Amino acid sequence: MTLTQISTWKSFGGTLSVHDHESALLGCTMRFAVYVPPQAKDGPVPVLWYLSGLTCTWANVMEKGGIQEHAARHGVMIIAPDTSPRGEDVPNDEAYDLGQGAGFYLTATQAPWATHYKMDQYITDELPALIAANFPADMDRQGIFGHSMGGHGALTLHLKHPDTYKSCSAFSPITSPARVPWGEKAFTAYLGPLSVAWEAYDATELVRERQSKALILIDTGTADSFLETQLKPEIFIKACEKDGQRLDYRLREGYGHDYYFIATFMDEHIAHHAKVLKG
C-alpha cells in the first residue's frame with residue numbers, strides 16, 4: 001500500500017506529517033496524521049493511537065490538543081486516524097452523529113453501511129501495517145486513547161485487544177453507548193435492532209466479561225453538556241468496581257466537552273501512557 005504525503009511540519013524537534021492512502025478494507029481514500037518525536041532518530045519509539053470524536057478528523061487533536069509538545073518530551077509517536085470512511089461513494093447521513101465523521105469504531109453489518117464502515121478493523125489491522133512499514137514505530141509497545149466517540153473506541157479496542165494496546169485512557173468517553181441516544185442511533189443503523197451484537201461495542205458490557213490488567217485513566221468535565229444524557233459515567237464506574245477493572249475516573253470541575261479541556265490534561269494522559277509503554 002502506497003502512502004502519499006500531503007503535508008509535513010517540524011514541531012518540538014520532531015515531525016508532524018499527514019498522509020493519504022487507498023484503503024482496500026474501507027474502499028476509499030483515507031487520511032491520517034503521524035507525529036514522530038525527536039527520539040525516533042535513535043530507533044523505534046512507542047506508539048500511541050488517538051481516536052477522535054464525532055465530526056472530527058486528524059486535525060482536531062494535532063491543531064488544538066497540544067499533543068506534540070508532550071509526545072516529544074516523553075518520546076512517543078502519535079497516530080491520529082480519521083473518524084470514518086469518506087468520499088462521494090461512501091454512504092452518509094445529513095445528521096452529524098451518523099455516517100461520515102461518525103464511524104463509531106465498529107464493523108457495520110447493515111446496508112448501506114456494511115461495505116465501507118469497518119473502522120475497528122481499520123484501526124487494528126490495516127493502518128498498523130502501514131505504520132509499521134513506513135515509520136520508526138515499536139509495535140510491541142502500543143497504547144490507545146481518545147475523546148468522546150473516540151474514547152468509546154479506545155476503551156472497546158483496549159478491552160478486546162489488551163495485549164496490543166497495553167495502556168488506555170479517554171477524555172469524556174461514551175462508555176455505555178447501548179444506553180444513550182448517540183449510541184442507540186448509531187448501533188441501530190450500523191448493527192440493526194438491539195441484540196447481543198451491540199454488546200461487542202459497549203465498554204460497560206465488555207468490562208463485565210473481560211478485564212484488562214491496565215489502569216484505565218478517564219477525565220470528564222463536570223460542565224460537559226453531554227454528561228447526563230450521553231456519557232453517564234456512573235454506569236461504567238459501577239461495572240468496573242463490581243468486576244474488578246482498575247479505573248481512575250476523574251471528574252474535572254467546570255470543564256466542558258472541548259479541546260480547551262483536552263489540552264489542559266493532555267500532559268497527564270501522555271505521561272500515563274509513557275509510564276506503561278516505557279516501563
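Bear in mind the structure is a predicted one, so any value in this text is a computation, not a measurement. Sequential numbering from 1 along the given sequence is applied to the chain's residues.
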Is a donor on one side and an acceptor on the other found under 3.5 Å between the side chain of [X] and the backbone of [Y]?
{"X": "Q68", "Y": "M62", "answer": "yes"}
{"X": "Y122", "Y": "P81", "answer": "no"}
{"X": "Q230", "Y": "W182", "answer": "yes"}
{"X": "D93", "Y": "G99", "answer": "no"}
{"X": "T83", "Y": "C56", "answer": "yes"}
{"X": "K166", "Y": "D140", "answer": "yes"}
{"X": "W198", "Y": "G192", "answer": "yes"}
{"X": "E209", "Y": "L206", "answer": "no"}
{"X": "N134", "Y": "I131", "answer": "no"}
{"X": "S84", "Y": "G101", "answer": "yes"}

Shortest non-hydrogen separation from [X] to [Y] and the atoms involved:
{"X": "F32", "Y": "V34", "value": "CE1-CG2, 3.5 Å"}
{"X": "S176", "Y": "I235", "value": "OG-CG2, 3.4 Å"}
{"X": "P173", "Y": "T220", "value": "CD-OG1, 3.9 Å"}
{"X": "R31", "Y": "W58", "value": "CD-NE1, 3.7 Å"}
{"X": "H116", "Y": "P91", "value": "CD2-CD, 3.5 Å"}
{"X": "A170", "Y": "G151", "value": "CB-CA, 3.9 Å"}

Stepwise side-chain contact (heavy atoms from CB on, under 4.5 Å) test for L155 and C168 = CA-CA 7 Å; L155 291 169; C168 179; 3.8 Å; yes
N-O pairing of D267 and R73 below 4.0 Å | yes
Does a side-chain N-to-carboxylate-O contact under 4.0 Å join E205 and R179?
-> yes
Pair I67-I270, side-chain contact (heavy atoms from CB on, under 4.5 Å): steps then yes or no | CA-CA 8 Å; I67 199 168; I270 299 293; 4.1 Å; yes
Give, for atom [atom1] of [X] and atom [atom2] of [Y], the distance between the pair rounded to the nearest 0.5 Å.
{"X": "H158", "Y": "D163", "atom1": "NE2", "atom2": "CG", "answer": "10.0 Å"}
{"X": "L159", "Y": "I144", "atom1": "CG", "atom2": "CD1", "answer": "10.5 Å"}
{"X": "L48", "Y": "I78", "atom1": "CG", "atom2": "CD1", "answer": "4.0 Å"}
{"X": "K242", "Y": "Q211", "atom1": "NZ", "atom2": "CD", "answer": "9.5 Å"}
{"X": "D82", "Y": "I123", "atom1": "CG", "atom2": "CD1", "answer": "9.0 Å"}
{"X": "T2", "Y": "L130", "atom1": "OG1", "atom2": "CG", "answer": "9.0 Å"}

Side-chain heavy-atom pair [X], [Y] within 4.5 angstrom cut-off:
{"X": "L231", "Y": "I174", "answer": "yes"}
{"X": "M30", "Y": "C28", "answer": "yes"}
{"X": "Y105", "Y": "T124", "answer": "no"}
{"X": "M139", "Y": "P128", "answer": "yes"}
{"X": "D138", "Y": "V45", "answer": "no"}
{"X": "F104", "Y": "L54", "answer": "yes"}
{"X": "F187", "Y": "Y201", "answer": "yes"}
{"X": "F226", "Y": "S172", "answer": "no"}

What do the steps show when you test T4 against D20 for side chain to side chain donor-acceptor pair (under 3.5 Å), and what is the final call?
-> CA-CA 5 Å; T4 301; D20 281 354; over 6 Å; no
Are there over 12 heavy-atom neighbours, none belonging to [X], within less than 6.0 Å of that residue's [atom1]?
{"X": "K278", "atom1": "NZ", "result": "yes"}
{"X": "K185", "atom1": "NZ", "result": "yes"}
{"X": "E228", "atom1": "CD", "result": "no"}
{"X": "E253", "atom1": "CD", "result": "no"}

Please step through side-chain contact (heavy atoms from CB on, under 4.5 Å) for the pair L247 and V207, ending with a clear verdict.
-> CA-CA 11 Å; L247 174 67; V207 84; over 6 Å; no
Under the side-chain contact (heavy atoms from CB on, under 4.5 Å) rule, what do F145 and W49 come out as? Steps first, then yes or no, please.
-> CA-CA 6 Å; F145 69 147; W49 296 83; over 6 Å; no
So that I know where these two stand, are [X] and [Y] an aromatic pair - ring centroids less than 6.0 Å apart?
{"X": "Y190", "Y": "Y117", "result": "yes"}
{"X": "F135", "Y": "H19", "result": "yes"}
{"X": "H269", "Y": "F171", "result": "yes"}

Is there a path of hydrophobic side-chain contacts, each under 4.5 Å between heavy atoms of I, L, V, M, F, W or Y residues, that connects [X] with [Y]?
{"X": "L251", "Y": "I262", "result": "no"}
{"X": "L3", "Y": "V47", "result": "yes"}
{"X": "Y255", "Y": "I237", "result": "no"}
{"X": "L16", "Y": "I79", "result": "no"}
{"X": "L127", "Y": "V36", "result": "yes"}

For a ring-ring contact (aromatic ring centres under 6.0 Å, His included) with H147, tell me which candidate from F265, F261, Y259 qualifies.
->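 Among the candidates, only Y259 passes.
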Run through R250, R246, H273 and flag the one making a side-chain contact (heavy atoms from CB on, under 4.5 Å) with L217.
->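 So, applying the side-chain contact (heavy atoms from CB on, under 4.5 Å) to L217 and each of R250, R246, H273, only R250 qualifies.
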Please report the C-alpha distance between S148 and H257 in whole Å, then the side-chain angles of each, then the deciding distance to 0.1 Å, and finally whether the side chain to side chain donor-acceptor pair (under 3.5 Å) criterion is met.
-> CA-CA 8 Å; S148 193; H257 198 81; 2.9 Å; yes
Walk me through it: do Q5 and S17 pass the test side chain to side chain donor-acceptor pair (under 3.5 Å)?
-> CA-CA 7 Å; Q5 183 171 286; S17 56; 4.8 Å; no
